[in-house]
Structures are given as C-alpha cells and as structure tokens.
Amino acid sequence: MKQITYDAVIASPIGKLGLRTQDEYITELAWLPANRKLIAPTSSFTQLICNSLTLYFESTTRLPCFPLQPQGTPFQRKVWLAMQKIPAGQVQSYGQLAARLKTGSRAIGMACRTNPIILLIPCHRVVSVKGIGGYMGKASRTNIKQWLLQHEGVHDY
DNA sequence: GATACAGGCTTGT
DNA sequence: ACAAGCCTGTATC
C-alpha cells in the first residue's frame, strides 16, 4: 500500500491536517486521522501556510488566499473556484451554487466531497437548504463542519 | 409536520 | 450502462 507523505502535518482543533505543495502551489490539504505523525514544515512557503492555519484556528483571523492547484476534473475545478468566492461567515446552499453554475445540486455535493484542499476551498460553507448537509462522505464528520462554521460566526447549525 | 418519490447532474464501477 | 452521492422540490399521508 502506498504511503502518502505530506510536506507538513499539523495539529488543529478539528484533527490533524496534511499539507502537500508543489513549487509555490498548494495541491492538497487533507484531514488526517489522529494517529498520524506530525511533520514540521521545512520550506518557508509551507511554514507560512502552517502559520496562517494556526492563526486561523486560534483567532478569528480569516484565511488568506494561497495559490491552489487542485487535481480534478474540469467540472470539479469550476465548482471549487466558485466556492472560494463565498465570503467567510456566510454559507450558500448546494442549490444556489448549482443554479449559478447551471448544474445540479448533487453534482455540487460530489465536487465538495472530493475537495482535495479543505478549508482553503471552503466546502464547509456549502450547506443543505434544510440542515448542515454532509461532510467528506461521513455523517460523523459533520461536527468538523459545524465547528468551522461556528468558528467563522455561523451559529445556525 | 413527516415521509415518499422523482428529477437532474457528475463520478466511479 | 448502472448505481450512488455533502440535494431539492412536489406530492401524499
């Protein structure tokens, strides 16, 4: 089995986060199980990102925009791009997003689910019209979504 | 209200 | 081609 190595793994209130970069781009920021070993960032670029993430978690600072380079289908990239335009502290429903992109709400869900860069592509700001919706394919992870939303000032979920 | 069903769109077998 | 997924709107108890 293939072991994925990250450029950095940091601890956060919602679990461990694995960061992978390529040149000066972020290619992945994934939620990891708690038994992952921490990896300190080595380059100044990854260090900067980790600092921002830590700051984001420990204060009300919102995340700055980093250059992203997510791998995915053209459709997924389109959705991810649209999601990045949702301002912090606000949420948008799958349906609204779907209407804007002229697609279906469930298709939006698929794109969210395969989001390789959590937080920076704010899939947690996309909610169902009635309820919070799911998160990363598992209902048990919606608490992460809730935490993030609450952290950004959304208390309706 | 609370279920049930069907519709619409993309992705992985 | 088929089934399934972070959904939604309408119909029917």
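All chains are named by letter (A, B, ...) in the order of the sequence lines, taking the proteins before the strands, and each is independently numbered beginning at 1.
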request  = Please state how far atom CD1 in Ile108(A) lies from atom P in dT11(B), giving the value in whole angstrom units.
outcome  = 11 Å
query = Leu97(A) CG to dT10(B) P: how many Å, rounded?
reply = 14 Å
message = Could you walk me through whether Thr46(A) and Asp7(A) satisfy the side-chain hydrogen bond (donor to acceptor under 3.5 Å, both in side chains) test, starting with their C-alpha distance in whole Å, then the side-chain angles of each, then the deciding distance to 0.1 Å, before giving a yes or no?
response = CA-CA 7 Å; Thr46(A) 52; Asp7(A) 294 332; over 6 Å; no
inquiry  = Using only atom types and a distance under 3.5 Å, with no angle test, would you say the side chain of Lys145(A) pairs donor to acceptor with the backbone of Val126(A)?
reply    = yes
message = In this structure, how many angstroms lie between the P atom of dT10(B) and the CG atom of Leu101(A), rounded?
response = 11 Å
ask   = Given atom CD of Gln92(A) and atom P of dT8(C), what is their separation to the nearest angstrom?
value = 11 Å
ask   = Just how far, in rounded Å, is P of dG9(C) from NZ of Lys130(A)?
value = 10 Å
key: Spacing between Met110(A) atom CE and dG12(B) atom P, to the nearest angstrom   = 7 Å
Closest approach of Trp31(A) to Gly15(A) (non-hydrogen atoms, all atoms of both residues) = NE1-CA, 4.0 Å
Report all side-chain donor-acceptor pairs from residues 79-86 of chain A shorter than 3.5 Å, counting only partners two or more places apart or in another chain.
| from | atom 1 | to | atom 2 | distance (Å) |
| --- | --- | --- | --- | --- |
| Trp80(A) | NE1 | Ala111(A) | O | 2.9 |
| Gln84(A) | NE2 | Trp80(A) | O | 3.4 |

ask   = Minimum heavy-atom separation for Ser52(A) to Leu63(A), with atom names?
value = O-CD2, 4.0 Å
query = Which nucleotide, dT11(B), dC9(B), dT8(C), lies nearest any side-chain atom of Ser105(A)?
reply = dT8(C)
request  = Give Thr114(A) one of three labels, base, sugar-phosphate or nothing, depending on what nucleic acid heavy atoms sit under 4.0 Å from its own.
outcome  = nothing
request  = Nearest whole angstrom, please: distance from the C1' of dT11(B) to the CH2 of Trp80(A).
outcome  = 12 Å
Watson-Crick or G-U stems of DNA chain B, 3 or more pairs, under 3.5 Å, by first number = B:1-7 with C:7-13, B:9-13 with C:1-5
note = Closest non-hydrogen atoms of Ala11(A) and Leu38(A), given as atom of the first, atom of the second and distance, are N-CD2, 3.6 Å
key: Validation row: Ile132(A), Gln146(A) side chains within 4.5 angstrom (heavy atoms)   = yes
message = dT11(B), OP1 or OP2 - any side-chain N/O from Thr73(A) closer than 4.0 Å?
response = yes
ask   = Looking at dT11(B), dT10(B), dT8(C), which one has an atom nearest to any side-chain atom of Gln76(A)?
value = dT11(B)
For atom NZ of Lys78(A) and atom P of dC9(B), their distance in whole Å = 12 Å
